[in-house]
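What follows is one structure encoded as C-alpha cells, with my remarks underneath.
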Amino acid sequence: MATGILSNLNEAQCEAVTTAADVVQVLAPPGSGKTKTLTARVAYLLAERRLKPWNIIVCTFTVKAANEMKERITKFVGHECAKQLKLGTFHSVALRYLKQYGQHIGLGKDFGIADSSDSKAIVKRIIKKNDFSGDAGGARGRISTQKAKGIDSEQFWKKAKDVEQQEFARIYREYEETLKASDLLDYDDLLLRCCLLLRVEPACVSNVEALLIDEYQDTNNIQYDLMGLFAQHRNVITIVGDPDQSIYGFRSAEIKNLTRMKEQWPDTLTINLEENYRSSGAILHAAQHIIEQDESRPPKKLQATHTYGQRPVLRKLPSAAAEADWLVAEIQRIQALSGDLLQPNDFAVLLRSAALSRAIETALGREGVPYRMIGGMRFYDRAEVKLLVDYLRVVDAPGNNEAVERIINVPPRRVGEGTVKGLHEEAQSKGVSLWSLVLDVVQGRCKPTTKVTPSTQTGLAKFVDVILSAQKKLASVTAESAPLVNLLQHLITKLSYQDHLKRKFPDEYEARWTNVEELVAQTIEASDPERLTAIVNDGALPSIEGLERRTESVAEDALSLFLANVTLATAGTEKAEQDGETAQQVTISTIHGAKGLEWPVVFIPACYDGSIPHSRADDNDEERRLLYVGMTRAQALLYLSTPLRNSQREEASMSTFLTQPGVAAFFEEHGPSVAIADVRALAKTLRRDCPSDTAIAESKKTLERDEDNYWPLTGEEPFEERAKWDRSRPGDAAWTFGNTRPAAVFSNATVTMQQQQGYSTTSATTKPGFVSAKEQYDDILEQQKLKKVDERAAQVRTASEDKPKTRKRQIEGQGTIASFFAKPPGRVGYGPVAFGGDNLPDATLEDAMPSAKRTKQPLHELRNVNSAPLERALVRPLQPAYKLPPAPLLRPSPSSTNMLATGTGSAYVFLSSSPPQPEEAPDPETAGAMPRSDDVGDEKTAVVRARPATTFHTTSMQIAAPQRKTLGMRRSLQGWNARGGKR
DNA sequence: AAGACACCTTTTTTT
DNA sequence: AAGGTGTCTT
Ligand SMILES: Nc1ncnc2c1ncn2[C@@H]1O[C@H](COP(=O)(O)OP(=O)(O)OP(=O)(O)O)[C@@H](O)[C@H]1O
C-alpha cells in the first residue's frame with residue numbers, strides 16, 4: 001500500500017508524507033507537488049497509520065480547491081473512504097460544527113447564512129438611515145477586516161477615536177444587530193462562532209487525529225485560530241503553502257501565520273521542495289524573474305525538471321478585440337500544429353478580473369471553440385435565480401428580514417419603497433420580524449402605524465399567500481417526493497414567474513428562463529433522496545460520548561441544506577467540474593480561480609497597468625504574485641499579452657511588471673513556430689503519445705496560416721487597415737472593414753493558402769515578412785470576394801441583408817468577412833457556431849432564418865459533442881417555452897438525475913459557445929462536407945460548414961432551444977443575448 | 001406612493 | 001449590465 005502511495009514521489013516529498021513529526025510545514029514553489037504531497041499524506045495516514053477518515057479534517061480556501069483535493073484523494077483511497085473525510089473549505093467545515101454543536105454556544109439550528117448581497121444591503125440601509133457618507137462596499141470590507149482581526153463591534157465601539165471611527169463603529173454595531181434579528185451569520189461569523197464553540201466545548205473535536213491545510217499562505221487570523229482549535233487534542237497538523245502565491249490579502253490572509261505557526265509549535269518540521277514538475281524551464285525562468293522583482297522576498301531555489309522548451313510569448317495587440325482574435329487564432333494554430341496532441345481542454349485563459357472575459361468569449365464563440373468559464377458572476381447570483389432562491393430562503397426561515405425585503409415587491413405588488421421602509425422600522429421597534437408584522441397586518445391582527453393603502457394591502461396579502469402556501473406545500477410533502485422541486489415549481493407557478501421574467505427582460509427572456517430551468521434541475525439533483533441521505537450521513541461529524549449533538553434529517557433539512565450550499569457556493573459545483581473535465585473545452589478563469597491548477601497552454605491577456613496591477617489594488621506586490629501564480633499554471637506554452645487600448649478604448653500600457661529592465665529577454669514577441677520536433681518535445685513534457693508525422697502534417701494543412709504573423713509585433717493594426725485605403729470595393733456597406741477581425745478571415749477561408757515558403761519565425765519579426773503576407777492577403781481577398789458573389793447568388797437570401805442590426809454589428813466589427821466563407825472541413829473550429837440573441841421577435845426570426853425550418857440534417861449530426869443533450873434540444877419547441885417542460889424535469893429517479901448530470905457538461909459546451917445549428921445555406925457543395933452521423937463524437941472529424949456568422953449571432957439561440965446551462969457558464973449565453981437584443 | 005422610463009455611472013479577487 | 005437618479009404618469 002505504502003509503495004503505491006509513495007511510488008511517484010521524490011525524496012523530499014516522501015519525507016513529508018511519511019514523517020513521524022506531528023507538525024509539518026511543506027513550503028515549496030509552484031508545481032513542486034505540494035498538493036500531491038498533501039493528498040499522499042492523507043492517504044498515508046489512512047493506510048499506514050490507520051487513522052479513520054472521519055477523524056481527519058482537510059481544509060482548503062476555495063470550493064474548487066476542495067473539489068480538486070477530494071478528487072485527488074479519491075484516486076488514492078477510493079470514493080468510499082474519501083467521502084468520509086471531513087474535507088471542505090474552512091467555511092463549510094465550520095458550518096458543519098455549528099449546525100451540529102451550535103447549541104453549546106446558544107446558536108439555534110435554523111440560522112441562515114448571509115451572502116455578500118445580504119451584507120451589502122444591510123450596510124447600505126444603515127448608511128442611508130443614518131445619513132452617513134461613504135460607500136457600502138467599503139464599510140462591508142472594513143467590517144470583515146475587523147472580524148478577521150477578532151475585533152467585535154463592541155470592542156471597536158469602545159476604542160473608536162475620531163468621528164469617522166465612531167460612525168463606522170455604529171455601522172458595525174447596527175450591522176451585527178441586524179444579522180442577529182434575521183438569525184443570520186455572515187461568512188466571517190461562521191469562522192468566528194466556530195472558534196468560540198471549540199473554545200467553549202473542546203470535546204467537539206476530541207476525535208480529530210489529524211488536520212491538513214492546503215494553500216496555507218492564505219490563512220487569516222481567525223483561520224489560524226481555527227487551525228489550532230481543530231487540532232487542539234492531538235496537535236497533528238500538516239500544512240502546505242508558498243508565500244509567493246499569497247493572493248488573498250484582500251480577505252486578510254496573513255503570510256506571517258507561517259512563522260507564527262513555527263513559534264506556536266516549536267517542533268515544527270519544515271520541508272522545502274525545490275523541484276518543479278510542472279513547467280518548462282523557459283516558463284519557470286520568466287516567472288522567477290518576475291517574482292524576484294519583489295526585493296523584500298528571500299531568494300529561493302527552483303529547479304526545473306523539464307527541458308527548457310519554448311520561451312513564453314509577450315505580445316502586443318491593438319485592441320481588446322484584436323487580442324481576443326489573436327488568442328483564439330493561436331489556440332487553433334497550436335492545436336493544429338500539434339497534430340491534435342493538444343485539445344481544447346489543454347488551453348486556459350486566465351484573467352485578472354472576470355469582466356475581461358467578454359472579448360474572449362466573443363471571439364471563442366465566433367470561432368465555435370467550446371469553453372467554460374470559472375469564477376465571475378455565479379449562477380446563484382443572477383437576478384432571476386437569486387430571486388427564487390430568496391423565496392426559498394423566506395419559506396425556510398421567514399425571520400430573514402433581508403430576504404423578505406428583497407422579494408416582498410417582486411414581482412411588483414404595489415408595495416413600494418416607502419411602505420417597506422416604514423414596516424421594517426416598525427417591526428424593528430416592536431422587536432418582531434418584518435414577516436410576522438406583515439402577517440399580522442394582512443390577517444387583521446394589527447393595524448400598522450405605517451400608512452398602507454388598499455392596493456398595497458392587497459399586494460401584501462398576495463405575498464403572504466405565496467409564502468404560506470409554499471410552506472404548506474413543503475410541510476405536506478415527504479422526502480421521497482422531491483420536496484424542493486415541488487416547492488420551487490409551486491413558487492414559479494404561483495408567482496407567474498415566466499410572465500414576470502418576460503415583462504422584466506423582454507429582450508432576453510429565453511435566456512433567463514433557461515437559468516430558471518437550470519435551477520429546477522439543480523434542485524432535482526439536490527433533493528434526490530439517495531444523494532441527500534449520503535450527504536447527511538457523510539457530512540455528519542462522529543458522535544462523541546457525553547456530548548449533545550444535533551442531527552440533520554433528510555426530510556426536514558433538505559431545504560436548509562440546499563440553501564446553505566448555495567450560499568457557500570458549494571451547490572452543484574462538484575458535478576459541474578467533473579463534467580467540465582470530460583467535455584473538450586477551453587477554460588476561462590480568473591487567476592484566483594486557477595490557483596493550484598495547471599494546463600499545457602496558458603494565456604494571460606490584458607496584462608496592462610490598471611488590470612495587473614489592478615487600479616484599485618493597494619498592494620502591488622500581491623498583484624505581482626498574482627501574475628506569478630498565473631504564469632506558473634502553464635506547463636508547456638505561456639502567452640502574456642496586452643492590448644494597446646482596453647475594452648473601453650482607453651490607451652493602455654503594458655504592465656509595469658513586464659516592462660522592467662531585463663524582462664523582455666525572457667519572452668518571444670510572437671507565438672512559436674511549431675516544428676515536428678517541438679511536438680515531440682511537447683508530448684514528452686506532457687507524458688503523452690506523440691501523433692505521427694503524417695497526422696501532424698495533415699492537420700497542419702488545414703491551417704491557412706501556420707505562423708503567428710498576422711498581427712504586427714508593434715501592436716498596430718494589420719494590413720487590412722491599409723487595404724481599406726488601397727482597394728476600391730463595390731458599394732456594399734457590409735464590406736466595410738472597420739474593425740473587422742482579420743484572424744477570422746484567414747481561419748475561415750475556404751481557399752487554401754499555399755504554405756509560406758522560407759518564412760521563418762525569425763523573419764517574422766521584420767517588416768518584409770509582413771509585406772509578403774500582405775500580398776497573400778490581397779490575393780485571398782480577391783478570391784474571397786468572388787466566392788462571396790457566388791454564395792450570394794446561390795442563396796435566395798441572406799438573413800442579414802435587410803437587417804440594419806446586423807449591419808451595424810458588422811460595422812462595429814463583429815466578424816464581417818468571415819460571414820461569407822465556409823470553413824474548411826476538418827478543423828479550425830470545433831463545431832458550428834451559433835450565437836447571440838434568442839430575443840428577436842418571432843417574425844424577425846423567421847425572416848432572419850429562412851432555412852432554419854428547412855433543416856434536414858438532425859441537429860446532433862452537426863457537431864462533435866455528446867448527442868444526448870442535443871436530442872433533448874430537439875424535443876423542445878422552437879418557439880419560446882411558456883411552460884416548464886415537465887417531462888425531463890420531473891423525473892427524480894436516479895436515472896433521470898444521471899441523464900441530467902451528463903447533460904450538464906455537454907449542454908455546457910453547447911450553450912456556452914457552440915450551440916447546434918441547422919445548416920444555413922443548404923448548398924450541395926457544403927452539404928457534401930457534412931459529417932456522417934457515425935462520425936459524431938469523434939473529435940478529429942469535427943466539421944465546420946458555411947454559415948453567415950452574423951445571422952447566427954442574432955438568431956440561432958432561439959432555434960437552438962437552449963438547454964440547461966450550468967454554474968459558471970453564465971454570461972456566454974446571457975451576455976450574448978443581452979447584446980443581440982439591444983438595438 | 002408606486003411604477004415606468006430614460007439616463008447616468010461604474011465594473012477585483014472569494015467564502 | 002446593473003444600480004442609482006431623476007422625471008413624469010397613474
Ligand atoms: N515527484 C513527482 N514526479 C513527477 N511529477 C510530479 C511529482 N510531484 C508532482 N508532480 C506533478 O507536478 C504537477 C504539480 O503538482 P502539484 O499541483 O501538486 O503542485 P503544487 O506544488 O501543489 O503546485 P501549486 O503550488 O501551483 O498548487 C502535477 O502535475 C504533479 O502530478
Side-chain angles (χ1 to χ4, degrees), chain A residues 59-66 88-95 113-117 119-121 124 128 135-137 141 144 147-148 185-191 215 218 220 222-223 246-253 350-358 374-378 381-383 409 411-422 450-456 459 503-505 507-508 564-570 573 589-595 606 610-619 622-623 625-626 629-630 646-648 970-971 974-975 977-979 981-982:
Chain A
C59 284
T60 65
F61 291 84
T62 64
V63 175
K64 199 137 54 60
T89 60
F90 270 96
H91 292 87
S92 69
V93 174
L95 175 67
I113 305 167
D115 63 21
S116 1
S117 64
S119 296
K120 208 166 151 222
K124 201 181 284 170
K128 205 165 176 184
D135 75 312
S144 187
K147 285 190 173 183
L185 298 184
D186 70 12
Y187 291 120
D188 301 304
D189 288 339
L190 290 176
L191 305 178
E215 310 278 13
D218 292 328
N220 66 26
I222 320 175
Q223 285 158 337
S246 167
I247 52 174
Y248 282 98
F250 69 92
R251 42 177 232 208
S252 306
L350 306 184
L351 307 164
R352 169 69 247 254
S353 48
L356 294 167
S357 70
R358 303 212 53 172
I374 300 175
M377 170 74 114
R378 261 173 277 242
D381 284 341
R382 295 160 181 224
N409 197 34
R413 298 189 178 93
R414 309 203 65 83
V415 182
E417 227 176 296
T419 313
V420 174
K421 192 168 172 243
T450 315
K451 200 169 75 187
V452 174
T453 65
S455 65
T456 303
R503 230 170 296 125
K504 198 161 167 194
F505 307 104
D507 293 342
E508 46 193 88
N565 280 334
V566 166
T567 316
L568 290 186
T570 335
T573 53
S589 172
T590 58
I591 300 179
H592 285 91
K595 198 154 79 148
S611 175
I612 294 197
H614 198 272
S615 48
R616 313 187 113 219
D618 36 32
D619 182 354
E622 179 156 314
E623 296 293 300
R625 291 193 294 267
L626 199 48
V629 168
N646 66 18
S647 38
Q648 279 119 65
R970 71 244 181 74
R971 121 185 19 193
Q974 202 169 307
N977 292 326
R979 273 190 185 184
K982 295 233 164 93

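Keep in mind that the numbers below use all heavy atoms, side chains included, and drop hydrogens, waters and symmetry copies. Proteins come first, then strands; the chains are lettered A, B, ... in the order of their sequence lines, and each starts at number 1.
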Assign A:E417 to base, sugar-phosphate, or nothing according to its heavy-atom contacts below 4.0 angstrom with the strands shown. sugar-phosphate
5' precedence on DNA chain B between A:K451 and A:H91 (nearest-nucleotide basis): A:K451
Polar atom pairs between nucleotides 3-10 of chain C and protein, under 3.5 Å, N or O only, would you list them?
| from | atom 1 | to | atom 2 | distance (Å) |
| --- | --- | --- | --- | --- |
| C:dG4 | OP1 | A:K124 | NZ | 2.6 |

Which residue, A:T89 or A:A617, contacts DNA chain B at a nucleotide closer to its 5' end, judged by nearest heavy atom? A:A617
Run the side chain to side chain donor-acceptor pair (under 3.5 Å) test against A:S92 and tell me which residues pass, sequence neighbours left out. A:T89
Does A:D115 reach a base, just sugar-phosphate, or nothing at all? Heavy atoms under 4.0 Å. nothing
Of all nucleotides in DNA chain B that come within under 4.0 Å of a heavy atom of chain A, which is furthest toward the 5' end and which toward the 3' end? B:dA1 to B:dT15
State which residues pass side-chain contact (heavy atoms from CB on, under 4.5 Å) with A:K120; sequence neighbours excluded, sorted by chain then number. A:A136
Holding to salt bridge (charged side-chain N to carboxylate O under 4.0 Å, His left out), I want the full list of residues that pass it with A:D218, two or more places apart in sequence or in another chain. A:K595
Once you round it to whole Å, what is the distance between C1' of C:dA2 and NZ of A:K504? 11 Å
Report which part of the nucleic acid A:R413 touches: base, sugar-phosphate, or nothing (heavy-atom distance under 4.0 Å, all strands). sugar-phosphate
Taking all non-hydrogen atoms of both residues, which atom of A:S144 and which atom of A:D188 are closest, and how far apart? OG-OD2, 2.9 Å
Would you tabulate the side-chain donor-acceptor contacts of residues 412-422 of chain A under 3.5 Å, counting partners in other chains and residues two or more places apart, or write 'none'?
| from | atom 1 | to | atom 2 | distance (Å) |
| --- | --- | --- | --- | --- |
| A:R413 | NH1 | A:Y391 | OH | 3.3 |
| A:R413 | NH1 | A:I407 | O | 3.1 |
| A:R413 | NH1 | A:I408 | O | 2.8 |
| A:R413 | NH2 | A:Y391 | OH | 2.6 |

My understanding is that only residues two or more places apart in sequence, or in another chain, count here; which of them pass side-chain contact (heavy atoms from CB on, under 4.5 Å) with A:S647? A:A320
According to side chain to side chain donor-acceptor pair (under 3.5 Å), who are the partners of A:Q223, at least two apart in sequence or on a separate chain? none
Would you please name every residue forming a side-chain contact (heavy atoms from CB on, under 4.5 Å) with A:D135, sequence neighbours left out? none
Identify whether any heavy atom of A:F61 sits under 4.0 Å from a base atom; if not, whether one sits that close to sugar-phosphate; answer base, sugar-phosphate or nothing. sugar-phosphate
